[in-house]
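Here's the structure we're looking at; comments come further down.
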Amino acid sequence: MSSRALAMSEALHQYVIGSSVPPNPLLERLREETAQLEWGRMQISPDQGQLMGLLVKLMGARRCLEIGTFTGYSALAVALAMPDDGRVVCCDISEAYTTIARRYWDEAGVRHKIDLRLAPALETLQTLDGPFDFVFLDADKVEYPQYFEACLALVRPGGLITIDNVFMGGGRPRRRS
């Protein structure tokens, strides 16, 4: 399994890694554990996590929203980058996968920053009040248009909505069977 989000030359990859913040050992352990799972390839890459953390820091984000948490790698990367009074609302439907996430959030000391909502995301989004500074969308690809529309109403002016796998497969989204 490649840990790169984008295809790039080895020289460029080494430059990006050398210019970045060193990987967090806890994030690395979470990646390794998640990689062993049946759907482990769904997790974001380390460079994606670093970019998200950098964006959150640069924006001074205090309120973040994540749609699709899986085992919590992206939420952990964001929570680590936020100030102590920051808050990440995480939307997911899997008790099993988010149990792994909660273990790592506890170990990292960021659990107090994370508000996990276990319910279909479209239902959860209807209950939230904005504004959010930063949104990460990484869930059921078929629902992306509806998630995006809901997020537009929740993100602050000048806020950022980031979307994973927007060009996945180069075609229209399809449901997993």
- Item | Selection residues 114-140 - residue pairs positive for ring pair (Phe, Tyr, Trp, His ring centres under 6.0 Å), sequence neighbours left out | none
- Message: I'd like to know if the side chain of Asp47 pairs up with that of Ser45 as donor and acceptor (distance under 3.5 Å, no hydrogens or angles considered).
- Response: yes
- Test item: Thr98 and Leu118 side chains (from C-beta on) under 4.5 Å apart, heavy atoms: yes
- Query: Is the backbone of Arg31 close enough, under 3.5 Å, to the side chain of Gln43 for a donor and an acceptor to pair up by distance?
  - Reply: yes
- What residues form a salt bridge (Lys or Arg N to Asp or Glu O under 4.0 Å) with Glu107, not counting sequence neighbours? Arg29
- Report the residues that fulfil side chain to side chain donor-acceptor pair (under 3.5 Å) with Arg87, sequence neighbours left out, ordered by chain and then residue number. none
- Item | Student check: side-chain heavy atoms of Val88 and Leu65 closer than 4.5 Å | no
- Item | Listed partners of Asp84 passing side-chain contact (heavy atoms from CB on, under 4.5 Å), at least two apart | His112, Lys113
- Message: Suppose we screen for side-chain contact (heavy atoms from CB on, under 4.5 Å). Which residues come up paired with Leu80, at least two apart in sequence or across chains?
- Response: Asn24, Leu27, Leu76, Ala108, Val110
- Message: So which atom in Lys141 and which in Asp138 form the shortest heavy-atom distance, rounded to 0.1 Å?
- Response: NZ-OD1, 3.0 Å
- Residues passing the ring-ring contact (aromatic ring centres under 6.0 Å, His included) test with Phe70, sequence neighbours excluded, are Tyr97
- Answer yes or no: is there a side-chain heavy-atom contact under 4.5 Å between Leu125 and Gln146? no
- Would you check, one step at a time, whether the test side-chain contact (heavy atoms from CB on, under 4.5 Å) holds for Arg63 with Met82? CA-CA 9 Å; Arg63 289 197 75 214; Met82 295 175 72; over 6 Å; no
- Task: Evaluate the side-chain proximity of Cys64 to Val56: yes if any heavy-atom separation is below 4.5 Å, no if none is.
- Result: yes
- Query: Would you say Ile100 has more than 12 foreign heavy atoms packed within less than 6.0 Å of its CD1?
  - Reply: yes
- Can you name the residues that form a salt bridge (Lys or Arg N to Asp or Glu O under 4.0 Å) with Glu33, not counting sequence neighbours? Arg103
- Other than Leu58, what residues sit in its cluster of Ile, Leu, Val, Met, Phe, Trp and Tyr side chains whose heavy atoms are under 4.5 Å apart, directly or through others? Leu54
- Message: Taking Thr69's backbone N and O only, do any of them form a donor-acceptor pair with Asp92's side chain (distance below 3.5 Å, no angle check)?
- Response: yes
- Query: In terms of hydrophobic clustering (I, L, V, M, F, W, Y; side-chain heavy atoms under 4.5 Å; direct or indirect links), are Ile44 and Trp39 co-clustered?
  - Reply: yes
- Query: Considering residues at least two apart in sequence or located in another chain, which fulfil the salt bridge (Lys or Arg N to Asp or Glu O under 4.0 Å) criterion with Glu32?
  - Reply: none
- Message: Starting from Leu51, can I reach Leu160 by hopping between I/L/V/M/F/W/Y residues whose side chains sit under 4.5 Å apart?
- Response: yes
- Message: Would you say that Tyr104 contacts Arg102 through its side chain, given a criterion of any heavy-atom pair below 4.5 Å between the two side chains?
- Response: no
- Apply side-chain contact (heavy atoms from CB on, under 4.5 Å) to Ala101 and list each qualifying residue two or more places apart in sequence or on a separate chain. Trp105
- Note on the structure: In terms of heavy-atom contacts, Pro83 and Ala61 come closest through CD-O, 3.6 Å
- Task: Check the pair Asp164 / Thr162 against side-chain contact (heavy atoms from CB on, under 4.5 Å), numbers first and verdict last.
- Result: CA-CA 7 Å; Asp164 191 55; Thr162 57; over 6 Å; no
- Message: Under the criterion side-chain contact (heavy atoms from CB on, under 4.5 Å), I'd like the reasoning laid out for Ile67 against Cys90: C-alpha separation, chi angles, the key distance, then a yes or no.
- Response: CA-CA 6 Å; Ile67 303 168; Cys90 295; over 6 Å; no
- Interatomic spacing from CD in Glu66 to SG in Cys91 - rounded to 0.5 Å: 8.5 Å
- Query: If you measure from OG1 on Thr34 to OH on Tyr73, what distance do you get to the nearest 0.5 Å?
  - Reply: 9.5 Å
- Message: Let me check something: do Leu30 and Met42 share a hydrophobic cluster, defined by ILVMFWY side-chain heavy atoms less than 4.5 Å apart, either directly or through other members?
- Response: yes
Show every donor-acceptor pair shorter than 3.5 Å between a side-chain atom in residues 147-154 and any protein atom, with sequence neighbours excluded, or say none if there are none.
none

- Residues forming a side-chain contact (heavy atoms from CB on, under 4.5 Å) with Arg117, sequence neighbours excluded: Val89, Asp115, Thr124, Thr127, Leu128
- Using 4.0 Å as the upper bound for N to carboxylate O, is an ion pair formed by Asp133 and Arg62? no
